Amino acid sequence: MTAVINPATEAVVAQVAATSLEDTDAAIERAHVALASWRAVAPGDRARLLRRFADAVDADVENLAQLEVSNSGHTIGNARWEARNVRDVLHYYAATPERLLGKQIPVPGGVNMTFNEPLGVVGIIVPWNFPMPIAGWGFAPALAAGNTVVLKPAELTPLTAIRLGELAAEAGIPPGVFTVLPGKGSVVGQRFVTHPAVRKVVFTGSTEVGKQIMAGCADQVKRVTLELGGKNANIVFADSDLEKAAATAPYGVFDNAGQDCCARSRILVQRSVFDRFMELLEPAVAGVVVGDPAAEATEMGPLISAEHHDRVAGYLDDGTNVAFRGSAPDGPGFWFPPTVVLPSGPTDRIVTDEVFGPVVTVLPFEDEADAISLANDTEYGLSGSIWTNDVGRALRVSRAVEAGNLSVNSHSSVRYWTPFGGFKQSGLGRELGPDAALAFTEVKNVFIATD
Ligand code: NDP
């Protein structure tokens, strides 16, 4: 049994059994057996089942949100959004089974056509920072395309995934088609990599583990989708609406206490407006409401664990130039105040590493070329923001920044109907959007001779 801790109170909220290697194998076998019947479900019926699953999630939004608040310390507002996001991706991909259209390609002497065949059993490994959405982004398109799914939540945050498994069963998703396996990454997650019946692994988490998974999957030429974090730039040009850029910068990085692969954790400000931006940023950071995540007005909760708290704190020492900080409650709970750092330069560890906490660095730049060069001076490439009122510059910089998800005059990165994923070491493949279900299929080409 593993104790599940509320990070805002340090109280034990549940005890969850860890799936053994034998039980993982048995669940994968059941998922393998269930493939034939799930594939044979008529497209309209598969779509109806996914819509019923979505309706079950919708009816359970408040319960799922409260579970997430107590397990992950997410603010209640964010947790409701996350539960509704699972409902929405299920509805969105419920349209897939009837629209997985192959092609008919003209060839002499016969008929040539393509089919999008399901891959088989898909293993999904979910991190602790967004337990519900990241699970849904994998299982909704995978199930819609006719695959069966085994899903491992993070050991720290299994509760909403377990509930989603129950809701799937209540909605009529057949046994073996969608199985949630709480447990250790080194046992359950690793078995997804090595078991030959698992044909694809979808992983979100650290770059280090992502690389191990990719290397492990190579042994069986197993398909893999990776989402591995970021060190995203928030570029503020002198010609932007500076008040708005400063007022929104805290949301861009401190949402979910900075435990967000899309966090804009490197603010780059044009030197001519640097001092003014810092003056505007200070009250905005002071105004972030940090505290009880169950309270409606709270904007930032605690970090996920004591261990993670220490990891984030380890980025700050006596020599760190902290410009200013927001507030945070005293313990119990793994609290860390919103923190703004003026680093000595772009190579400082706090600028290059994914801190994954409520810590942001601010650096000046001279001109457009300098801004692009600093933004791209990282092995990550997930997201970023560009603040400017010059439309030409907005387009030039968006094209030049090496990242999968950019927003101009906004920090918005995720919409379930648009593609999401990273350049460089931020990942491999894309989730969400119109093409995500195709990543759970193989294209088969069939030629029928007529002559
Ligand atoms: P991990 O990469 O260790 O964990 C992510 C998921 O992978 C968890 O479900 C974990 O299981 C599982 N896992 C761990 N080891 C293996 C393995 N060998 N084989 C298969 N699955 C495995 O992330 P951490 O929780 O350790 O976080 C460390 C850092 O990673 C963070 O500080 C942050 O920088 C980054 N991160 C990035 C995320 C993103 O959104 N891209 C999300 C989370 C973390 P278990 O629960 O048992 O550990």
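Any value given below was found using the heavy atoms of this structure, including those in side chains, with hydrogens, waters and symmetry copies removed. Since the model is a prediction, treat every value here as computed from it, not as a measurement.
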Determine, for [X] against [Y], whether the closest basic-nitrogen to carboxylate-oxygen distance falls under 4.0 angstrom.
{"X": "K231", "Y": "E379", "answer": "no"}
{"X": "E296", "Y": "R80", "answer": "yes"}
{"X": "R52", "Y": "D55", "answer": "no"}

Output field: ring centroids F139/F440 closer than 6.0 Å: no
Test of ring centre spacing under 6.0 Å for W128 and F356: yes
R266 side chain to T352 backbone, donor-acceptor under 3.5 Å: no
Any donor-acceptor pair under 3.5 Å from Q259 side chain to I304 backbone: yes
Criterion side chain to side chain donor-acceptor pair (under 3.5 Å) on R191 and T24, from CA distance to verdict: CA-CA 7 Å; R191 193 62 184 133; T24 304; over 6 Å; no
Exercise: do E29 and H195 side chains pair donor with acceptor under 3.5 Å: yes
Charged tip of R325 within 45° of F336 ring normal and under 6.0 Å: yes
Derivation of the side chain to side chain donor-acceptor pair (under 3.5 Å) call for S413 and R264: CA-CA 11 Å; S413 290; R264 273 54 165 176; 2.8 Å; yes
Exercise: identify the closest heavy-atom pair between D58 and R87: OD1-NH1, 2.8 Å
Parallel, tilted or perpendicular: ring planes of Y416 versus Y92, cut at 30 and 60 degrees: perpendicular
